[in-house]
Amino acid sequence: MSAAKWRRAMNSSATAADLSRAARGTAIVHPIGTQPTASSAHAPTESWSRWRASIRAIKWRHAIVLAFVLAYPFFASPFFTFQIGAQSLALGLIALSLTFLGGYGGMVSLAQMTVAGFAAYMLAIFGTSSNVAISLGWPWWLALIVAISLATLVAAGIGWLSVRTEGIYTIMITLAVGVAFFYLAQQNYTVFNGFQGFSKIAPPVLFGIDFRDPMPFYFVVLACSLAGYFFVKHLIRAPFGIALQGIRDNPRRMLALGYNVTAHRVAAYAVAGFLAAIGGILMVWYNNRISPGTVGTGAMINILIIAVLGGMKHPIGAFIGAIVFVLLQNFAIDLVDRERFNLVIGGVFLAIVLFSPDGLLGLWQHLRNRVDMLSPNRGSGRIHR
């Protein structure tokens, strides 16, 4: 983000935030010594201008990618549609929550898979599963709402515990929370059914469409992933996102300006938890079961690997990293023994990080810069954050 954009955003963020707080009845952001002015009436116009700017930012490559993902299940086999496409999008949505926290909030959390797994457990407990003694049998839509809501609250609680720390201490706190939930789920048989977990957790049949089939399920996951992607893209340009990036860069200065640093960080955890919860629901529908192994340390590290592989400087990086990870997960055994699969994942991860600290997006950016330098009409080729 350029200095000019930062100054314009900071000048307009207070008035836009005042109107949004009035609509919600909250007051998360309010610099000290500022009062609402008549210019607040122009906030809807500014919001509409941001949406128009986002639409104008759509390039031909975006249209090609959108057309490809929409047409993908019509020419791909059921295996590639379900095992590769749907799984990559669901994992990418969970990794997107980490990209939002780490890339735009400066907070690396290892508990995103924990939040996703908690949402999946809540869906099994409040909805239907193979264990009728524990599952309450609520309607799927009600169990879905309750599961996502509780997972978002849990994510906010994790944020409340960890936002007062930075760096390695934040990572250790979120890792400790994730490990604690893993052992709780594994050892508690009254609520979480212990090591066995829950099975037969299938997506619903709605309007005569069985979403357990590969193509309908793929489009459900695609719709959720697109909604999450555009939501994050819009949020990082909104006053809250601009303030969050300012807190990431210099929290002391933002605190001096009157911004509530702790509240913004906790709210960012809640937003990321909401995205991770939806991804967890999609993953439990994909696997048709949930068990402690789904929320183990390996699963938590995998989300971090996916986010770093793709690149944490743009929301699309989470999905790029997920596609690479799932492809390696399914086809690496054709090159090496199954026992050495993690060695392949680790080698690819180290190679990408070594040659491109910004992940695969960094490599793409480097290639674009080289092409721009060789082209007669040079462009910036910069990825706008």
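No hydrogens, no waters, no symmetry mates; every other heavy atom, side chains included, goes into these values.
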Next item on the list: With sequence neighbours excluded, give me every salt bridge (Lys or Arg N to Asp or Glu O under 4.0 Å) pair touching residues 186-207.
Entry: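 Non-adjacent pairs meeting salt bridge (Lys or Arg N to Asp or Glu O under 4.0 Å): zero.
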Check: Looking at Phe118, Phe181, Phe198, which hits ring-ring contact (aromatic ring centres under 6.0 Å, His included) with Phe192?
Finding: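 Single pass found, and it is Phe181.
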Check: Do Thr174 and Ser162 meet the criterion of a side-chain donor-acceptor pair at a distance under 3.5 Å?
Finding: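 No.
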Next item on the list: Check Val221, Leu93, Ile290, Leu91 against Met283 for a side chain to side chain contact (heavy atoms under 4.5 Å, CB included) and give me the one that passes.
Entry: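 So, applying the side chain to side chain contact (heavy atoms under 4.5 Å, CB included) to Met283 and each of Val221, Leu93, Ile290, Leu91, only Leu91 qualifies.
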Next item on the list: Please test Thr128 against Ser135 for side-chain hydrogen bond (donor to acceptor under 3.5 Å, both in side chains), starting from the C-alpha separation and ending with a verdict.
Entry: CA-CA 6 Å; Thr128 58; Ser135 298; over 6 Å; no
Margin query: Walk me through whether Leu142 and Phe126 qualify under side chain to side chain contact (heavy atoms under 4.5 Å, CB included).
Written below: CA-CA 8 Å; Leu142 182 58; Phe126 288 101; over 6 Å; no
Notebook entry, point to check: Is Tyr286 atom OH crowded by more than 12 heavy atoms from other residues, nucleotides or ligands, each under 6.0 Å away?
Noted result: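 Yes, the 6.0 Å shell around OH holds more than 12 heavy atoms from other groups.
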Margin query: Within a 6.0 Å radius of atom CZ on Arg253, are there more than 12 heavy atoms belonging to other residues, nucleotides or ligands?
Written below: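 No, CZ of Arg253 has 12 or fewer neighbouring heavy atoms, counting only those of other groups under 6.0 Å.
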Margin query: Under 6.0 Å between ring centres: does that hold for Phe100 and Tyr269?
Written below: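 No, the ring centres sit 6.0 Å or more apart.
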Item checked: Tyr218 ring center near Phe82 ring center (under 6.0 Å) ->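 Judged by ring-centre distance (under 6.0 Å), Tyr218 and Phe82 do not meet the cut-off.
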Checklist line | From OG (Ser109) to CD1 (Ile303), nearest 0.5 Å | finding: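 Here the rounded value is 11.0 Å.
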Notebook entry, point to check: Which value, rounded to the nearest 0.5 Å, describes the distance between Thr99 atom OG1 and Leu101 atom CG?
Noted result: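 Separation between the atoms: 9.0 Å.
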Next item on the list: Under the side chain to side chain contact (heavy atoms under 4.5 Å, CB included) rule, what do Leu123 and Trp285 come out as? Steps first, then yes or no, please.
Entry: CA-CA 10 Å; Leu123 182 69; Trp285 282 346; 3.5 Å; yes
